[in-house]
J.: 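Just dropping this structure here.
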4 protein chains.
Amino acid sequence: MPGRPYNPAHTEAARAAVFDLLEERGYEAISMEAVAERTGISKQALYRRWKHKRALIVDAFAEKADLLPDLPDTGNFERDLRALLRATFALLNGPCGVTNRALVAEALQDPEFLPELRERHLSRRRQQLRTVLERASRRGELKVPPDDTTVDLILGPVWYRLLLQNAPLDTSTADDFTDRLSRLLRGS
Amino acid sequence: MPGRPYNPAHTEAARAAVFDLLEERGYEAISMEAVAERTGISKQALYRRWKHKRALIVDAFAEKADLLPDLPDTGNFERDLRALLRATFALLNGPCGVTNRALVAEALQDPEFLPELRERHLSRRRQQLRTVLERASRRGELKVPPDDTTVDLILGPVWYRLLLQNAPLDTSTADDFTDRLSRLLRGS
Amino acid sequence: MPGRPYNPAHTEAARAAVFDLLEERGYEAISMEAVAERTGISKQALYRRWKHKRALIVDAFAEKADLLPDLPDTGNFERDLRALLRATFALLNGPCGVTNRALVAEALQDPEFLPELRERHLSRRRQQLRTVLERASRRGELKVPPDDTTVDLILGPVWYRLLLQNAPLDTSTADDFTDRLSRLLRGS
Amino acid sequence: MPGRPYNPAHTEAARAAVFDLLEERGYEAISMEAVAERTGISKQALYRRWKHKRALIVDAFAEKADLLPDLPDTGNFERDLRALLRATFALLNGPCGVTNRALVAEALQDPEFLPELRERHLSRRRQQLRTVLERASRRGELKVPPDDTTVDLILGPVWYRLLLQNAPLDTSTADDFTDRLSRLLRGS
DNA sequence: CTGTAAGCGAGACGGTACGTCAAGTCTTTAG
DNA sequence: CTAAAGACTTGACGTACCGTCTCGCTTACAG
C-alpha cells in the first residue's frame, strides 16, 4: 500500500540550498539545520530522504558536478584534446570547480563515500576522455592503445591543479598541457 | 620575565595522538577533546600551543608527511626518475600516504591553510623532483628545460591516484609512469 | 451517508496494546507510534477514534481499573471493612494497581480529565465504601453518620500508599488500617 | 584538582525558570530548551548539572516544595496538629500545591524518580509530622507510640485531596480532620 | 631564595550542530 | 466512506565538539 509520496519540490530545494550555502558562506556553513531553515523543510523530512548530512551533500553535488563539456569529434586527436581540456578548465573555474573540491573533501573524510564518488562521478570524466582517446586510436593517431594509465597521466595534472591550486586552470595551461601530452601519445 | 616553559613531552604527545586517532578511527575522530583525553593534556594546554584544531593537525602531520625519499644521482634521468617514483610510491603506501590525504582534506576545507600547505610541504616534493629534472637538463637529457608544468605532469598523476585511489601505487605503476614520462621528456 | 463502520477489533486491539506497553516497558513507553506499530493499525485510524493520546490511554485503562472487590455483608462493620481493605489491597497489587497509578498520572497532567476520572471511576470506589459505612451506621455501629470526610480518611491512606509507595499494600497493612480506623469510627 | 566551579547563580536561575514556566504556561511547557533560552544558560551547562530534564524539575521543585509550615510547640497535641494541618492546607492551596502535584505526576511516570522524590521531599513532610507526634507521645497524650502507619493515616487523606481534588483543602477541613484524627490517636 | 610570569589539570561556559523521537496532521492509493 | 502507508511540521530530546574562561596549583628563571 502506497502512502504519501515525497514532495519532489523538497528534494530539489534541499539540493539547491546545499549548493547555495557552499557558494555564499563556504563549505563549513553547510548544515542540516541551515538547509532546513532556509528551505522551510523540517529536519525530519530531510533525514527521511538522506541518512546523513554527507548523504545530502553528496547527492546535491553529484548532479552539478557531473556537468561535462560537449565533445564534438574534430577528426584530429590534438584538436579533440585541446577542446576537451579548454572546456574542462573553463568549467572548473566556475561553481563546478568549487563543487568538485567539496566532493573530494568529503570523500577524504568519509572512506565509505570514496567508492561512490568514483563510480557516480569520477568515472564519467574518465570515460569521456577515454572516448576521445579511443577515437584517436582507431584513427591510428596513437602510438599505443589507450589504457587507464593514459587517462591518469592526462587527468592527474588537472585534478592536481584543481585541488591544490598551485597554478591556475586557464586556457594557456590547457594548450600547454595539450601540446606536451599529445606529443607524448602521438606516434613519432 | 620568563615563566614556566612548555613541557616538550606534551607537544610531542599531542602530535602523536593526532596521528594515532587518524589511524585507529579515521579522520573524523580527530578532535581536540579526544587528543586531550588520550594524552592527559588539558585542552587549555593544547590551545596554548596551537591556535586551532587545524593548526594542531597540520603541525602533527607536517613532520610525518615531509618524509622524502633519498635521491642518489645515478647519472641517468630515467634511472633517477624510476628511483624517485618507486620510493615515493612506497612511502605513500604507508602512514605517510594517510597523512598526506588528511592534509589535503584539511586544506580543502580551510582555504587559509592551503597556501601554508603548499609552501611548507608540497613545494618540497616539487623541489625534489625539480632537482632531478635540472640535473638531467644539465646533462642534455631533456628536450626542453623543465618548468612548473613539467612537474605538474609528473606529480599530478601521483596525487590523483593517492587521493582518489582509482588504482594502486605499486612498483609496476611506478615503472609504467617512468617509461611513459621519460619518453615524453627525453630528447629524441 | 453512513460509510464503513469502525472495525471493532481495532478498537479493542489498541486498548490492549496500551495496556501491554504499560506493563512491558512502563508508562513512558506508551505512544501512539508504538500502539500503531504493534497493532498494525495506522495512526490515522487511531486518531479517528481517539482525539488524543490521552483519550486513548484513559479509555484503555478505564475498564481495567474499574474492577471492584465483592462486598458480602458480614453483619459487622469491622469484618466488612477488613474484607474490603484486604480485597482492595490484593487487587491493587496486580495490574489494577498499575492502571490506577497510570490514570492518576494522566489526570495530573490533563486537568480536563480529572473530573472525568472522578466521576467515572473514583466515585465508584467511594460509593462502595460508603455502602459499607452506611450499613454499619444503620446497625448503630458508628459514632456519627458517615460523610465524605469519613471516606477520605479511609481511602486517603490507601491511595497515598498506592501512588507514593512508601510502604507495601499487604494483608497485614490492611488489618492494621482496619484495626485503627474501626476504632476511630466505632462508638467506643 | 578542582577545576572551575559551577556558577551558583546559574543553578539558582535554572531552578527559578522551571518554576516560572510552570506558573506561566503549565507543566508541559517546562523544557530544557525553554529553561536554557529564558536564562541564557547553555543546554550543556544545564545537562552538566542535571542528568535529565526530570532531574532539574525535581531539584527545582524540591526546594520550593520543601516549604514547610512553622511548628511552634503549643504543648498540646490537638493544637499542634490543628496548626500543622491548617498551615499545610494553606500552603497547598498556593503554588506549592501545583508543584507537589507536578512532582507526583513526574514520579508516576518515571519509576526511577519515585524513590528520589520520597527521600528528598516526602520524607521531610513525614518527619515534620512525626516530630509533632513524638512530642505528644512523650507528653503521654497518645494511646500508642506513633509509627509509620500513624503518619500514613494522617497524611494520606491530605495527599488524596491534593491529588484527586475531590474536595477543597480549606480551614474547616483542616479542623474537621484534626478533630477526628486526634480522637483516634488520643488516649481514651 | 624569592617573587612573579607562565604553564598546567580540571572542568564550567556559550555556541552550534548533530541525529532521534513523538505528537498530531495531511495526502495518496486501495477497497 | 474507511483504511494502510507514510510524508509532513513542530518542537524537544540528549550528545558532541568547538574555542574560551576560571580555579587553584606548580614550576623555574630573574632579581
Side-chain angles (χ1 to χ4, degrees), chain A residues 1-8 10-11 28-37 40-54, chain B residues 1-7 10 28-37 39-55, chain C residues 1-7 10 28-37 39-54, chain D residues 1-8 10-11 28-37 39-54:
Chain A
M1 224 159 276
R4 176 176 176 176
Y6 286 141
N7 180 340
H10 283 180
T11 311
E28 309 233 25
I30 304 173
S31 76
M32 293 304 252
E33 220 85 30
V35 170
E37 196 194 358
I41 303 169
S42 68
K43 277 170 67 181
Q44 191 60 229
L46 295 178
Y47 279 103
R48 210 174 287 119
R49 265 162 253 243
W50 297 282
K51 200 160 173 275
H52 305 296
K53 176 175 133 174
R54 280 191 314 270
Chain B
M1 223 157 283
R4 176 175 175 176
Y6 286 145
N7 179 341
H10 283 179
E28 307 229 35
I30 303 174
S31 76
M32 293 304 252
E33 221 89 26
V35 170
E37 197 194 355
T39 57
I41 303 170
S42 70
K43 280 169 67 182
Q44 189 59 224
L46 295 177
Y47 279 103
R48 218 174 277 121
R49 266 163 253 243
W50 296 282
K51 198 158 175 280
H52 307 294
K53 174 176 140 174
R54 281 188 315 268
Chain C
M1 222 161 284
R4 177 170 168 181
Y6 286 147
N7 178 343
H10 282 179
E28 306 229 37
I30 304 173
S31 74
M32 294 304 252
E33 219 88 27
V35 170
E37 195 195 356
T39 57
I41 303 168
S42 72
K43 281 169 66 183
Q44 190 58 222
L46 294 177
Y47 280 103
R48 244 193 300 277
R49 266 164 254 242
W50 296 281
K51 200 159 174 278
H52 305 294
K53 175 176 139 174
R54 281 190 313 270
Chain D
M1 225 163 276
R4 177 173 174 175
Y6 285 139
N7 179 342
H10 283 179
T11 312
E28 308 235 21
I30 303 173
S31 75
M32 294 304 251
E33 219 85 31
V35 170
E37 195 193 357
T39 57
I41 302 169
S42 70
K43 277 170 68 183
Q44 191 60 227
L46 295 178
Y47 280 104
R48 212 173 284 120
R49 264 162 254 242
W50 297 283
K51 199 160 175 276
H52 304 294
K53 175 176 135 174
R54 283 188 313 269

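In what follows, every heavy atom counts, from backbone to side chain, and hydrogens, waters and symmetry copies are set aside. Chain identifiers are assigned alphabetically (A, B, ...) following the order of the sequence lines, protein sequences preceding nucleic acid strands; residue numbering begins at 1 within each chain.
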J.: Look at the side chain of B/E33 and the base of F/dA16, then say whether one donor and one acceptor between them are separated by less than 3.5 Å.
T.: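 Counting by modelled atom types and ignoring angles, no donor-acceptor contact under 3.5 Å is found here.
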J.: Does A/Y47 reach a base, just sugar-phosphate, or nothing at all? Heavy atoms under 4.0 Å.
T.: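 Base, at least one base heavy atom under 4.0 Å.
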J.: Provide, to the nearest angstrom, the distance between the OH atom belonging to D/Y6 and the P atom belonging to E/dG11.
T.: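 Going from D/Y6 (OH) to E/dG11 (P), I get 10 Å.
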J.: Side-chain N or O of B/R4 less than 4.0 angstrom from OP1 or OP2 on F/dT27?
T.: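 Yes, because at least one side-chain N or O of B/R4 sits under 4.0 Å from OP1 or OP2 of F/dT27.
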J.: When the nearest nucleotide of DNA chain E is assigned to D/P8 and to A/H52 on a heavy-atom basis, which residue is associated with the more 5' position?
T.: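 The answer here is D/P8.
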J.: Is atom CD of B/E28 surrounded by more than 12 heavy atoms (other residues, nucleotides or ligands) closer than 6.0 Å?
T.: yes
J.: Map A/A29 and B/I41 onto DNA chain E by nearest heavy atom, then report which one ends up closer to the 5' terminus.
T.: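 Mapping each residue to its closest nucleotide by heavy atoms, the 5'-most match is B/I41.
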J.: Using heavy-atom distances to pick each residue's nearest nucleotide on DNA chain F, tell me which of D/P5 and B/S31 is more 5'.
T.: B/S31
J.: Measure the distance from CD on C/E37 to P on E/dA23 and round it to the nearest whole Å.
T.: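 One finds 13 Å between P of E/dA23 and CD of C/E37, rounded.
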J.: Whole angstroms only, please: what is the CD-C1' distance between A/Q44 and F/dA7?
T.: 10 Å
J.: Toward the 5' end of DNA chain F, which comes first, B/M32 or B/R48, by nearest nucleotide?
T.: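 Its nearest nucleotide being more 5', the pick is B/M32.
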J.: Tell me whether the side-chain N or O atoms of B/K43 pair up with the base of F/dG19 as donor and acceptor below 3.5 Å, since no angle test is needed here.
T.: yes
J.: Rounded to the nearest angstrom, tell me the gap between atom CG in C/L46 and atom P in E/dA22.
T.: 14 Å
J.: Students often get this wrong, so: under 4.0 angstrom with heavy atoms, is C/S42 touching a base, only sugar-phosphate, or nothing?
T.: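 Base contact.
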J.: Is there a side-chain contact between D/R54 and the phosphate of F/dG14, meaning an N or O under 4.0 Å from OP1 or OP2?
T.: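 Looking at the OP1 and OP2 atoms of F/dG14, neither is under 4.0 Å from any side-chain N or O of D/R54.
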J.: Taking only side-chain N and O atoms of B/H10, does any of them lie within less than 4.0 angstrom of OP1 or OP2 on E/dC8?
T.: yes
